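Written below as structure tokens is the structure these notes are about.
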Amino acid sequence: MPELPEVETVARGVDARVRGDKIAEAWFSSYPQTFKTSPQTQAKGLEGRTILEVHRTGKHIVCELASDAATIDAQWIVHLGMTGRLLVTTPDAPLAPHTHARLRLESGREIRFVDPRRFGRLEFRKLKKANGFEAKGAEPLSIDSAPFAQLFRGRKLAIKAALLNQTLLSGVGNIYADESLFRAGIRPRRAAGRLSRAELEKLRLALQAVLLDAIRLGGSSVSDYVDAEGVRGFFQLEHRVYQRAGEPCLVCSTPIRRIVVGGRSTHYCPQCQK
DNA sequence: CTACCTCCCTGGATGC
DNA sequence: TGCATCCAGGGAGGTA
């Protein structure tokens, strides 16, 4: 399940392979739930445009596009959802099942969007009066101490649920919420607004550290996540609580507990997290 | 506005 | 072995 580190890894990989390349032809499957803009509109907008840059915002991959000059006039926004993959391949590479988009590039490469569960979203956005894509929440990697604390002030919901709320922070998903709460020693069910300033700062630093560690290792390959080349990440080997229910805590050997918070499976150490 | 609920999807795991 | 059922989970959209 792609979260910030996985999306960052994919965006970097795609950027390195297609930056400056021109989209010769775009093909889309006919599953409407995959698309915010219609397949026809997307294909028409993409064809003939050059990819100036690919980067990550929250959990979204943003491709900056230009018609002719080096001026961005459109964006292709990709959200990987649960099982989405954005791959750069050769045109003759075998077509994976559930391939929903193929962008043939002038260099001969091809960008492919594959998404079995179809929770992913693709959007084409022309930048005229419309602004460029902006995440709804704050960027976890760069948010400072005071604004981070402000996000949770007065909130009664569980800190785990607050971390997952994309309108507060953009990019944190189930894995890194659990892992950062473990590193910060905070129980996932604590009311967000009841955490002390010191605890919130510990959480912010833990979150940023765990995200950077994960980016360094190419993300976590649970489910079927792979990077732009189809290579798996390695951060799943570093998970201390996520999907380790019943296994001993790596710090104190207490069995890791699994509960449900905000409708999501949640893992924590009852001894280390208060 | 906040907090919570349901739904969308498929494939891997589980149950009989 | 085979078939049916369960369930994960990000985010949109709806409701109290």
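In what follows, chains are A, B, ... by sequence order, proteins preceding strands, each numbered from 1. These numbers come from a predicted model, not from an experiment.
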(request) Show your reasoning for whether side chain to side chain contact (heavy atoms under 4.5 Å, CB included) applies to T50(A) and I23(A). (result) CA-CA 6 Å; T50(A) 298; I23(A) 301 160; over 6 Å; no

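- Side-chain atoms of E64(A) and H55(A) form a donor-acceptor pair, as typed in the model, at a separation below 3.5 Å.
- Within 6.0 Å of the CZ atom in R194(A), the count of heavy atoms belonging to other residues, nucleotides or ligands does not exceed 12.
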Where do N or O atoms of nucleotides 3-5 of chain B meet protein N or O atoms at under 3.5 Å, pair by pair?
unit_1 : atom_1 : unit_2  : atom_2 : d
dA3(B) : OP1    : K156(A) : N      : 2.9

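- For T83(A), no side-chain nitrogen or oxygen approaches OP1 or OP2 of dG11(B) to under 4.0 Å.
- Rounded to a whole Å, the CG atom of L168(A) is 11 Å from the C1' atom of dT2(B).
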(message) Applying side chain to side chain donor-acceptor pair (under 3.5 Å) to S145(A) and E201(A), what does each step give before you reach the verdict?
(response) CA-CA 6 Å; S145(A) 177; E201(A) 184 57 5; 3.0 Å; yes

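- Rounding to the nearest 0.5 angstrom, the gap separating the CZ atom in F28(A) from the CG atom in L103(A) is 5.5 Å.
- Look at CE on M82(A): it is 11 Å from C1' on dG11(B), rounded to the nearest Å.
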(request) Could you go through the side chain to side chain contact (heavy atoms under 4.5 Å, CB included) check for L52(A) and L65(A) one step at a time? (result) CA-CA 6 Å; L52(A) 293 189; L65(A) 307 171; over 6 Å; no

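- Taking atom NE2 on H60(A) and atom C1' on dG11(C), their separation rounds to 9 Å, with Å as the unit.
- Put simply, NZ on K59(A) is 13 Å from C1' on dA12(C), counting in whole angstrom units.
- Residue contacts for R258(A): at a heavy-atom cut-off of 4.0 Å it reaches the sugar-phosphate backbone alone, with no base atom in range.
- By the neighbour-count criterion of 12 heavy atoms within 6.0 Å, atom CD of E134(A) is sparsely surrounded, having that number or fewer from other residues, nucleotides or ligands.
- R121(A) has its CZ atom 8 Å from the C1' atom of dC8(B), to the nearest Å.
- Side-chain N/O atoms of W76(A) and Q42(A) include a donor and acceptor closer than 3.5 Å.
- Each end of the helix from dT2(B)-dA16(C) to dC16(B)-dG2(C) gets its own rotation axis from five pairs of C1' atoms, and the angle between them is 50° to the nearest 10 degrees.
- Of all the heavy atoms in N174(A) and L164(A), the pair that sits closest is N-CD2, 3.6 Å.
- Distances shorter than 4.0 Å separate some side-chain N or O of H98(A) from OP1 or OP2 on dG11(B).
- Remark: P of dA13(B) and CD of Q243(A) are 11 Å apart, rounded to the nearest angstrom.
- Taking only side-chain nitrogens and oxygens, Y176(A) never comes nearer than 4.0 Å to OP1 or OP2 of dG10(C).
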(request) Quick one: do R187(A) and L181(A) satisfy side chain to side chain contact (heavy atoms under 4.5 Å, CB included)? Show the steps, please. (result) CA-CA 7 Å; R187(A) 290 220 184 181; L181(A) 285 168; over 6 Å; no

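- The base of dG11(B) is not paired with the side chain of R117(A) by any donor and acceptor separated by under 3.5 Å.
- At whole-Å resolution of the value, CG in L151(A) and P in dT2(B) are 11 Å apart.
- Residue-level contact check: R118(A) touches the backbone only, with heavy atoms under 4.0 Å from sugar-phosphate atoms and none from bases.
- Here E3(A) lies out of heavy-atom contact (under 4.0 Å) with every strand.
- The CZ-C1' distance, from F119(A) to dC9(B), rounds to 5 Å in whole Å.
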